[in-house]
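Naming: A, B, ... by sequence-line order, numbering from 1 per chain.
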2 protein chains.
Amino acid sequence: MSEIQRPGALYQQVAAAIREAILSGEFAPDSLLPSEAQLMTRYGVSRPTVRNAIAALRAEGLIDVRHGKGSFVRSDGQPSLTIERRISRTPDGKFVMPNGDVWQEAEEPHTYRTHTTKATGRLLQLGEEEALFGCDRLLLDPGTGTRAMHRTLIPFAVADVVPALAEDPYKRSGALYRQLTEDGHKLTWSETVRARMPLPDERTTLQLPDATPILHLARVTHDSDDRPLILEELRIGADRAELAYRISADKQPARGTRH
Amino acid sequence: MSEIQRPGALYQQVAAAIREAILSGEFAPDSLLPSEAQLMTRYGVSRPTVRNAIAALRAEGLIDVRHGKGSFVRSDGQPSLTIERRISRTPDGKFVMPNGDVWQEAEEPHTYRTHTTKATGRLLQLGEEEALFGCDRLLLDPGTGTRAMHRTLIPFAVADVVPALAEDPYKRSGALYRQLTEDGHKLTWSETVRARMPLPDERTTLQLPDATPILHLARVTHDSDDRPLILEELRIGADRAELAYRISADKQPARGTRH
DNA sequence: ACTCATAACTCGTTAGGACGAGTGACGTCA
DNA sequence: TGACGTCACTCGTCCTAACGAGTTATGAGT
């Protein structure tokens, strides 16, 4: 029967006590926490209060709760998959996507036609409602079981001008890059990284645990004249994967980047 | 009185109905949702059920709830701050950190001495319990009000060998890089990006809304012989900031990256 | 017209109760 | 011995009830 007094609401005091016990190591990772009934008597509170405290800890990603079994301290293990966001070429000029070979396609790719949104239009330097080729892939890393959602978007307007893209806009990235390079294009890439909570369909598709954000990457392939050719998006659970970049120190002065 | 029947629990059906209404535009961003009492009569359920549904939508980051006012549709605005993770040099060799000038120090830096953990030791290619200089900064972007937590870690063992670091390990990054370069070091950088839910102290320090993950960056500065010199960590709320990288296509074959 | 107390709304917290559903151990029966 | 059903334990869902606390509009009083 621990005494609690500190700050604010009862359930927050209970949550703080449990959190402290976890972070101090009293409850080891993967170990079973006391049941709701035990916590009720231990802190002298009602079940809603205990459940409220547990809900707070779940939202922090500190514990996992399994129906019929109990609450477990989540092991804050490192991500098991490091995704190198780099593009390499073998001496004979062939593109090699780091990690590109480990990804399998868990389903048949889904190809479709769509239009730019405000967000995708901005990245492709287009207005809204511009026509696009779209291709969605569900990728799977058999080694770790990690899943990722991949999307390729190519504007009609670009495919009209670039034969390599009109031929088959639904190729995989490495094939597209190679084709473009063979046609004489000098490619550059820029990538933005964001994180957010998953929508329900992303949560089920990626098989994410509670309180797990997703990393959302947007990679734009540019031509030598800085015209955007391809937009690729990758969504992946942040519990299993991390991104790795090599940072280059170029000789040009930095430009302003706020927008 | 909308009818609901679909899947699983009652509160999930209610949550799905509200979510659908939001995503379909029936409830515009920043608009006020019906109150709990109204939702109770509208769906014919009790208050706990309504609150459970609302809690689910909060955890998804879809709505914000303000005590005494109501629930509001969160505007899924783009991040207002794009952080260029690039290192540039002016023609005379001076380092320029993109965005480096916009950051102010919201507090006096906190310097201390600590030891490697399993995670930081791995990045610095050291064992555990190796002595480190530490410096924590709370950064502030006055333009957007965005806050970020920055940490610099330098091993004693490195400072012993590299005079530029022993002199003052608590300088800001740009000054450290310049000093090292003047001393003849050829620097390279690698960076890993992860996302996770914030701990309570991070949540308050960074002033984060509900269901907002943080982006966690770890940048390692390497010497020309690939020895790690400096580890920098940056933690920032994913609601306000995104990261931008330029991806280089180098000529070397890719190495395996799984670990 | 202005000030300020009150009322009426909002969500937040806590309690108590009841039943459903997943899990695993135990014991019975074949 | 083995299969299987029961039971006790876990968390999940749903309800009623009451009060606290923040916000805003209303209206009375000055």
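Ring geometry for A:Tyr245 versus B:Tyr245: interplanar angle under 30°, hence parallel rather than tilted (30 to 60°).
In this structure, A:Thr49 does not reach the C:dT13 phosphate: none of its side-chain N or O atoms is under 4.0 Å from OP1 or OP2.
With no hydrogens or angles considered, no side-chain donor-acceptor pair links A:Glu232 and A:Thr152 at under 3.5 Å.
Comparing B:Asn52 and B:Arg47 along DNA chain D, the residue whose closest nucleotide (by nearest heavy atom) sits nearer the 5' end is B:Asn52.
Considering only side-chain atoms of B:Ser46, the nucleotide from D:dC15, C:dA15, C:dT13 that sits closest is D:dC15.
Of all the heavy atoms in B:Ala211 and B:Ala59, the pair that sits closest is CB-O, 3.4 Å. Scanning all heavy atoms of the two residues, the minimum distance from B:Gln13 to B:Gly8 falls at NE2-O, 3.0 Å.
Using a 4.0 Å cut-off between a side-chain N of Lys or Arg and a carboxylate O of Asp or Glu, A:Arg219 and A:Glu191 qualify as a salt bridge.
Rounding to whole angstrom units, CD1 of residue A:Ile63 and C1' of D:dT10 are separated by 14 Å. Rounded to whole angstrom, the span from the CG atom of A:Leu10 across to the P atom of C:dT13 amounts to 11 Å. Distance, B:Tyr11 OH to C:dG20 P: 18 Å, rounded to whole Å. Between B:Leu32 atom CG and D:dT24 atom P there is a gap of 11 Å when expressed in whole angstrom units.
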Check nucleotides 7-10 of chain C against the protein and report each pair of N or O atoms closer than 3.5 Å, with its distance, or say if there are none.
from, atom 1, to, atom 2, distance (Å)
C:dT10, OP1, B:Ser35, OG, 3.0

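The shortest distance between side-chain heavy atoms of B:Gln78 and A:Lys118 does not fall below 4.5 Å.
Below the 3.5 angstrom threshold, one finds no donor paired with an acceptor across the side chain of A:Arg51 and the base of C:dT13.
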